Amino acid sequence: MLADTAVPHGRHAGPHGRAEHHERAHWLRVMCLTGLDYFSTLGYQPAIAALAAGVIAPAATIVLVLVTLAGALPVYRRVAQESPHGTGSIAMLAKLLPRWTGKFAVLILLGFVVTDFVITMTLSASDATAHLSENPITAPMVSGREVVTTLVLLAGLALIFLWGFREAIRVATVLVIAFLTVNLIVIIVAMTHMFQQPVLIDNWWTVLTTQHGDPLFVVAIALLVFPKLALGLSGFETGVVVMPQIRGDPTDTEAHPTGRIRHTKQLLTTSALIMSGFLITSSLTTVVLIPAAAFEEGGPANGRALAYLAHEYLGPEFGTVYDVIMVAILWFAGASAMAGLLNLVPRYLPHYGMAPAWTQRNRPLVFVFVAITFIITIIFQADVDAQGGAYATGVLVLITSAAIAVTLAARHKGQRGATIGYGVIAVIFTYTTVANIIERPDGIKIAGSFIMAILVVSLISRALRSTELRATSIHFDAAAQRMLADHADGVIRLIAHNPRHLAAQRYRDNLRKAQLAHDLRQDGVLFIEVVVADSSEFETDVIVHGVQRYGHQVLVAEGTTVANTIAAVALHLRDALGCETHVYFQWTEATPVTNILRYLVFGEGAVAPVTREVLREAEPDVHRRPIVHVA
């Protein structure tokens with residue numbers, strides 16, 4: 001269970017603490033990897049559109065396509081430009097929002113990411129079950145056992161990851177090509193049948209114009225129904241997350257991956273155009289050719305409109321082949337979502353100190369996420385339609401956050417026209433998100449539960465891990481090294497000093513108190529100051545500068561907390577110079593509770609006892625531990 005351990009603390013390097021190594025591939029093959037999630041929505045999107053919008057479904061789908069091409073696509077092309085290393089819009093917001101605001105924004109967005117990916121797994125497995133229950137060969141085994149079948153599929157997905165799952169782009173390429181091919185065949189045959197019987201189109205048009213005679217009214221209803229169709233917008237966030245796997249130009253560098261960015265934009269554009277074409281044609285053919293009653297719950301086209309057409313017009317043999325390919329791609333869509341969760345959670349939470357150590361291991365996380373999918377599946381009874389709202393909520397919040405992120409980025413760079421354009425897109429997606437939440441509140445309830453769980457676990461973890469040694473590395477500049485060379489007598493004595501008080505009298509008073517309390521000589525003493533740049537960060541590289549102030553030698557360190565940074569410097573001096581290290585403090589004037597809160601939030605507070613506790617945890621041998629003096 002705990003075999004795949006992470007690298008030592010302070011050396012976290014991407015997913016699961018392992019060094020990131022990407023075998024890059026052509027962008028078309030990587031597009032197939034993202035297509036496991038994006039293109040697989042064709043399995044249930046047309047049926048959901050028909051159930052939500054009825055005869056207006058094609059018009060609502062056109063609205064969806066316009067929003068995709070004119071809204072989501074430009075936003076994520078900008079995300080690829082701004083975040084070319086696969087961190088996506090979440091990392092953009094974390095950089096644009098300051099300190100703890102950015103951290104909490106990331107935690108909240110992670111709640112929606114978990115909602116998106118978890119519902120992707122449950123929705124895909126449920127729809128795979130729906131295809132199996134309607135297939136004449138497998139129906140006797142599945143009918144009446146939909147929940148159990150879905151749980152078995154999810155358990156099988158977990159077994160793949162427990163065994164050791166690796167995303168195979170070759171498998172994704174074959175599967176997506178096969179899936180798009182059979183869907184193209186179904187749509188061509190369906191459109192041929194539709195145009196050979198114009199009466200079918202006439203009947204649809206008559207119903208449309210009779211029920212909704214005013215074209216403007218049709219557009220208005222399409223706009224109102226559009227939020228229910230947001231499932232067709234999934235896949236864009238995945239498209240930028242997989243950027244590190246895309247092969248760039250030979251001249252690319254990690255700092256300037258120009259070719260990778262260009263190829264990612266091609267990936268996003270191509271997949272959006274392919275999906276738009278399939279969405280429009282599938283919506284039209286399914287609404288025209290399939291009776292409205294078939295889309296209702298329990299109907300043969302519910303959650304599987306294109307599969308219904310495959311069986312209806314191409315026979316049970318081709319229909320069975322279609323079902324097999326559909327079940328396979330839905331299966332791998334769930335695998336892609338699981339892989340996304342296993343990558344995202346360790347990427348952010350351990351870096352913030354907001355996750356237990358075992359979250360850097362695959363197998364325990366697999367059990368957690370699969371247990372969550374079991375609960376969601378049982379709650380929704382493996383109903384595809386019931387889970388659509390939760391899925392749409394996760395997708396829409398992520399796209400909205402991306403639109404806001406690129407708007408802020410354009411504003412930060414003084415690009416007025418781009419700011420206005422992206423701002424309009426952000427407003428559209430905000431409306432869509434709010435409308436979806438009002439219409440189908442299940443999504444926000446599930447996301448709210450995930451957000452609350454993430455916040456609670458994160459804050460508890462941050463408190464429990466607060467006394468860890470949190471310096472990833474320590475570097476002394478030339479001036480600091482010269483100061484330390486002057487104290488090569490085997491003992492280093494550091495007097496802690498508050499960097500906010502830089503008056504000469506403060507240094508004299510601090511030194512005098514240390515001399516009186518600890519019988520120190522003035523010679524051989526260094527002051528140490530810690531400048532807390534951002535206390536919301538958990539780990540950081542510590543840079544120590546040597547400074548002369550009023551005749552005193554001062555080591556100025558930059559860290560995330562005062563106590564942990566002083567402890568790290570003391571241990572480093574012991575190891576690097578082979579010397580005995582003493583640190584001298586004065587007691588902090590505040591209540592214990594106040595000091596604890598100041599330490600957890602601002603990285604200050606009760607510095608002396610916390611420094612000693614950090615050293616105690618980091619060095620079990622009391623004889624080798626740097627000595628803390630307090631008076």
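Owing to the predicted nature of the structure, the values given are computational and were not obtained by experimental measurement. Heads up: numbering here begins at 1 and tracks the sequence. What you see below is based on every heavy atom in this structure, not just the backbone, and it leaves out hydrogens, waters and symmetry mates.
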Any idea how H26 and H263 line up, ring-wise: parallel (<30°), tilted (30 to 60°), or perpendicular (>60°)? parallel

Using the side-chain contact (heavy atoms from CB on, under 4.5 Å) criterion, which residues pair with T181? Sequence neighbours excluded. I177, I185

Between OG on residue S283 and CZ on residue F278, distance to nearest 0.5 Å: 14.5 Å

Can you tell me how far the CZ atom of F450 sits from the CG atom of L110, to the nearest 0.5 Å? 12.0 Å

What's the spacing between L154 CG and I376 CD1 if we round to 0.5 Å? 11.0 Å

Distance col, row L284:CG vs I280:CD1, nearest 0.5 angstrom, shows 9.5 Å

Output, in order, the C-alpha distance, side-chain angles, deciding distance and verdict of side chain to side chain contact (heavy atoms under 4.5 Å, CB included) for T281 and M191. CA-CA 8 Å; T281 53; M191 292 190 71; 4.1 Å; yes

So, do F104 and L455 sit near enough that their side-chain heavy atoms are less than 4.5 Å apart? yes

Shortest non-hydrogen contact between A47 and N302, atoms and distance: CB-C, 4.4 Å

Any side-chain heavy-atom pair from I444 and T115 closer than 4.5 angstrom? no

With a 4.5 Å limit on heavy-atom distance, are the side chains of S133 and T138 in contact? no

Do D127 side-chain atoms and L123 backbone N/O form a donor-acceptor pair below 3.5 Å? no

Is it the case that the side chain of T264 and the backbone of R260 share a donor-acceptor pair, with hydrogens and angles ignored and the cut-off at 3.5 Å? yes

Shortest non-hydrogen pair, I246 vs V30, comes out as CG1-CG1, 3.8 Å

Check this for me: does any side-chain nitrogen of one of E82 and K413 sit under 4.0 Å from a carboxylate oxygen of the other? yes

Do L42 and S282 come close enough that some side-chain heavy atom pair is under 4.5 Å? yes

Any side-chain heavy atom of V186 sitting closer than 4.5 Å to one from Y313? no

Check this for me: does any side-chain nitrogen of one of R262 and D249 sit under 4.0 Å from a carboxylate oxygen of the other? yes

Assess, by modelled atom type and distance only, whether the side chains of T122 and T377 contain a donor and an acceptor separated by less than 3.5 Å. no

Could you pull out every donor-acceptor pair under 3.5 Å between side chains of residues 394-406 and any protein atom, sequence neighbours left out?
unit_1 : atom_1 : unit_2 : atom_2 : d
T400   : OG1    : L396   : O      : 2.7
T400   : OG1    : F429   : O      : 3.3
T400   : OG1    : T433   : OG1    : 2.9
S401   : OG     : V397   : O      : 3.4
S401   : OG     : L398   : O      : 2.7

Nearest heavy-atom pair of A125 and T150: which atoms, and what distance? CB-CG2, 3.7 Å

Check Y38 against S271 and note the closest heavy-atom contact, atom names and distance. CE2-O, 3.6 Å

So CZ of F39 and CE of M31: to nearest 0.5 Å the spacing works out to 4.5 Å

Residues at least two apart in sequence or cross-chain that pass salt bridge (charged side-chain N to carboxylate O under 4.0 Å, His left out) with D323, listed by chain then number, are R304

Can you give me the closest heavy-atom contact between V287 and P58, atom names plus distance? CG2-CD, 4.1 Å

Walk me through it: do Y431 and V434 pass the test side chain to side chain contact (heavy atoms under 4.5 Å, CB included)? CA-CA 5 Å; Y431 151 74; V434 173; 5.9 Å; no

Quick one: does I451's side chain get under 4.5 Å of F112's, heavy atoms only? yes

Any heavy-atom pair between the side chains of L73 and T269 that's under 4.5 Å? yes

Could you walk me through whether S126 and D383 pass the side chain to side chain contact (heavy atoms under 4.5 Å, CB included) test, one step at a time? CA-CA 7 Å; S126 299; D383 189 333; over 6 Å; no

When you measure from the side chain of T407 to the backbone N and O of Y422, does any donor-acceptor pair fall under 3.5 Å? yes

What do the steps show when you test M326 against V182 for side chain to side chain contact (heavy atoms under 4.5 Å, CB included), and what is the final call? CA-CA 9 Å; M326 174 60 71; V182 295; over 6 Å; no

Within this structure, what is the NE2-OG1 distance for the pair H412 and T419, rounded to the nearest 0.5 Å? 11.5 Å

Taking every non-hydrogen atom, the tightest pair across S40 and L330: O-CD2, 3.9 Å

Is there a side-chain contact between R247 and W27 (heavy atoms, below 4.5 Å)? no

